[in-house]
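Residue indices begin at 1 and follow the sequence shown.
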Amino acid sequence: MRQIILLIFFSIIVRAFLPAGAPFTGDEGLYAQEIDEMLRDPSAYTTYMGEYVPWKPPLMFYVYSLSAKLVEPLNLPIEIVYRLPNYLFSILTVVMFYLLTKNITKNEEVSFASALIFTTSPYLLVLNTLLMTDTLLICLLVISLFFYTNENSKTKPYLFLIGGLFAGLAFLTKSIAALIVIPLVIAYYYLNNKTVFKQKIFWSSFVFILFSILLSYTIFGKTWATQGLIDINRAFLVADSDLKFILITILGNLIIFFAMSLPWLPFCVGFLLNKKKKKIVNKNTQNFLLFWLIFLIFPFLVPGMLFWYVLPAVPAFIILTAFSITGKEFDKMAKVMFLALLIVSTVFSYMIAYDFSETKVRFTQKDMGEFLANKKNVAIITYYASGLLYYKFHNETHQTFNDTLILFITDPNNIPIEELRNFVNNNQKIDDAHAINYLKGLYSAGFEKPIAIQGNQSLDIRYVVLDSQVPDYQRIVGDGFSLIYNNKRYYVYEKVSE
């Protein structure tokens, strides 16, 4: 209990000054909008701009919208309100990871050191500052594995059912990533206690995952089955690409992994190369952790350098690192050095978190979104700008989904400027050969056309918002529009009254 109290206290301290109030951008804007809509119109479905969207399972949105409702009386900034559960779930993750590591290693020192490393790692700290599904996911995965690997499961087999229940909840948080529980648990007992395989309740526990899959399919239909498993679709993008793209994707992800794993990576590699150290550690434990590490391969194949995709495999890396640091050589001086490394890891995490939070686009999108709030007949021509849309709709009493048209530029090298100009000035629709439905593109994780459209092209446009990063953006509006506002990134033009 003393170690758990220390972990909670330490985890709170290292999170005390993280930038939780940065404006939403990127996928955060999508998720914030979905939470907003769930709060305004509670439903079993997640919606975006009033349309059903299956790209992420709904559990995270249920939980975060409930949390937002509970803290609503505090009148906190909306960014802090929506990110608050991250802090609670990450601290719970650290505590449960400590207990899970004790199950796996039977070593108190390694378990405590592993939890300290995890709570200061960029993977967990940086993720705290982002509104993503992965903080809840890793929490549920760790809890599931804790119950599955609990030594009391031999006499209390119902613990397997609890482990399966949390694995099912993890699937309802980020679908395919939760399936890592099944091979990990089977591998763990194959190496440590094969007699478990004779227990029907062990195999029955996986029914919760199957139930989550069937529930998702039943409620959300074929759209979810074919388009909701977006993480698999992203991997297919690499599989269908040429060798150069595959190598660039893998190399980019490796660089991100190396960077996010500092300063601990050399210790993990050192342990794997140190035969003397490895002899001290139970061979079955080593093999299990190495098997767990194999699951790094999938994230390395996903384009976009999304560091949070690595998270389900990070615990194995951290435990191996703790084995390298602890042991007979872990004397007073070594403990001082370990504390210094924890400080370095925390500082490094803060540097990344603040770098993410202070990107200028966050603030320009929020500023423009607030300016556009309650304005109707708006056409927005920009790159991916979900933060701008979020702050527009969030600040509206009655959300203007049907009066807002978004044209996202997806291929800057192939922009049909003349078509955009004719559309804005002469109400000529964009040729289908150059446009794709925005939500459809998100489902498939790919945009094969230069423009992704969300909204009604028949809209009688009054305001045009242009992103200055779009090449030749000045050519899009004609003499019938006048500039009324800009924040150096986005320019708003209003139609001149005749």
Side-chain angles (χ1 to χ4, degrees), residues 3 6-7 10-11 14 90 93-127 138 142 145 184 253-297 299-300 307-353:
Q3 284 84 351
L6 285 172
L7 282 173
F10 184 71
S11 296
V14 298
S90 67
T93 300
V94 171
V95 172
M96 295 308 298
F97 179 61
Y98 161 71
L99 298 174
L100 168 62
T101 309
K102 283 181 70 174
N103 289 350
I104 294 171
T105 66
K106 311 296 188 292
N107 187 315
E108 172 66 39
E109 190 176 64
V110 169
S111 302
F112 192 62
S114 296
L116 289 173
I117 294 170
F118 200 21
T119 200
T120 63
S121 75
Y123 292 105
L124 211 53
L125 277 184
V126 176
L127 203 56
I138 191 62
V142 169
L145 291 170
L184 286 182
N253 286 323
L254 279 172
I255 291 171
I256 293 295
F257 173 72
F258 291 155
M260 296 290 288
S261 301
L262 294 173
W264 309 109
L265 187 59
F267 293 95
C268 181
V269 174
F271 173 78
L272 296 175
L273 297 177
N274 190 329
K275 294 182 180 179
K276 186 177 178 182
K277 271 274 187 183
K278 289 173 71 175
K279 286 181 180 179
I280 301 173
V281 181
N282 180 279
K283 189 174 181 180
N284 288 339
T285 301
Q286 287 185 55
N287 289 336
F288 172 68
L289 294 172
L290 290 173
F291 175 75
W292 196 345
L293 273 182
I294 291 174
F295 289 90
L296 286 172
I297 294 173
F300 289 161
F307 75 85
W308 47 88
Y309 274 49
V310 176
L311 197 57
V314 166
F317 157 72
I318 287 175
I319 297 171
L320 290 170
T321 300
F323 271 125
S324 176
I325 292 172
T326 58
K328 292 181 179 179
E329 301 86 1
F330 199 48
D331 53 18
K332 187 174 181 180
M333 181 58 69
K335 290 177 180 177
V336 171
M337 291 297 296
F338 178 57
L339 178 60
L341 286 170
L342 290 174
I343 294 172
V344 170
S345 181
T346 303
V347 171
F348 183 58
S349 298
Y350 267 70
M351 289 171 62
I352 298 173

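Residues in residues 331-348 take part in no salt bridge (charged side-chain N to carboxylate O under 4.0 Å, His left out) pair, two or more places apart or across chains.
Judged purely by atom type and a 3.5 angstrom limit, W292 has no side-chain atom pairing as donor or acceptor with the backbone of F317. Judged purely by atom type and a 3.5 angstrom limit, Y350 uses its side chain to pair as donor or acceptor with the backbone of V14.
Partners of W264 by side-chain hydrogen bond (donor to acceptor under 3.5 Å, both in side chains), not counting sequence neighbours, listed by chain and number: S345. Considering only residues two or more places apart in sequence or on other chains, V269 meets the side chain to side chain contact (heavy atoms under 4.5 Å, CB included) condition with L265, L273. Here N107 pairs with nothing under the side-chain hydrogen bond (donor to acceptor under 3.5 Å, both in side chains) rule; sequence neighbours left out. I352 meets the side chain to side chain contact (heavy atoms under 4.5 Å, CB included) test with P122, V126, M260, F348, F356; sequence neighbours excluded. Among residues two or more places apart in sequence or in another chain, the side chain to side chain contact (heavy atoms under 4.5 Å, CB included) test is passed with V347 by I343, M351. Not counting sequence neighbours, F112 has no partner by the ring pair (Phe, Tyr, Trp, His ring centres under 6.0 Å) test. For S11, the side-chain hydrogen bond (donor to acceptor under 3.5 Å, both in side chains) partners at least two apart in sequence or on another chain are T119. Legend: residues meeting side chain to side chain contact (heavy atoms under 4.5 Å, CB included) with S324, ordered by chain and number and at least two apart, are F267, F271. Residues satisfying the salt bridge (charged side-chain N to carboxylate O under 4.0 Å, His left out) test with E108, not counting sequence neighbours, are K102. Contacts of S90 classified as side-chain hydrogen bond (donor to acceptor under 3.5 Å, both in side chains), with partners at least two apart in sequence or in another chain: R15, N128.
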If you apply the rule side-chain contact (heavy atoms from CB on, under 4.5 Å), what do you find for F10 with T120, and how did you get there? CA-CA 9 Å; F10 184 71; T120 63; 3.6 Å; yes
side-chain contact (heavy atoms from CB on, under 4.5 Å) assessment of L293 paired with L320
CA-CA 10 Å; L293 273 182; L320 290 170; 3.5 Å; yes
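Residues V94 and A115 come closest through the heavy atom pair CG1-O, 3.8 Å. Between P315 and P312 the shortest heavy-atom distance is CD-O, 3.7 Å.
The structure places CG of L99 at 11.5 Å from CD1 of I104, a figure rounded to the nearest 0.5 Å. Atoms CG and OG, on L262 and S349 in that order, are 10.5 Å from each other to the nearest 0.5 Å. Atom-to-atom distance recorded for K283:NZ and L290:CG is 11.0 Å, nearest 0.5 angstrom. Rounded to the nearest 0.5 Å, atoms CG (N253) and CD1 (I297) are 13.0 Å apart. Rounded to the nearest 0.5 Å, atoms CE (M96) and CD1 (I138) are 12.5 Å apart. Note that OG of S114 is 7.5 Å distant from CD1 of I318, once rounded to the nearest 0.5 Å.
Residue I319 is tested with F97, F288, F118 for a side-chain contact (heavy atoms from CB on, under 4.5 Å); the sole match is F97. The residue from N274, L272, L289 that alone fulfils the side-chain contact (heavy atoms from CB on, under 4.5 Å) condition with F323 is L289.
Side-chain contact annotation: Y123 with S261, donor-acceptor N/O pair under 3.5 Å present.
Taking the six-membered ring where the residue is Trp, F295 and F291 present perpendicular rings, their angle passing 60° and hence far from 30°.
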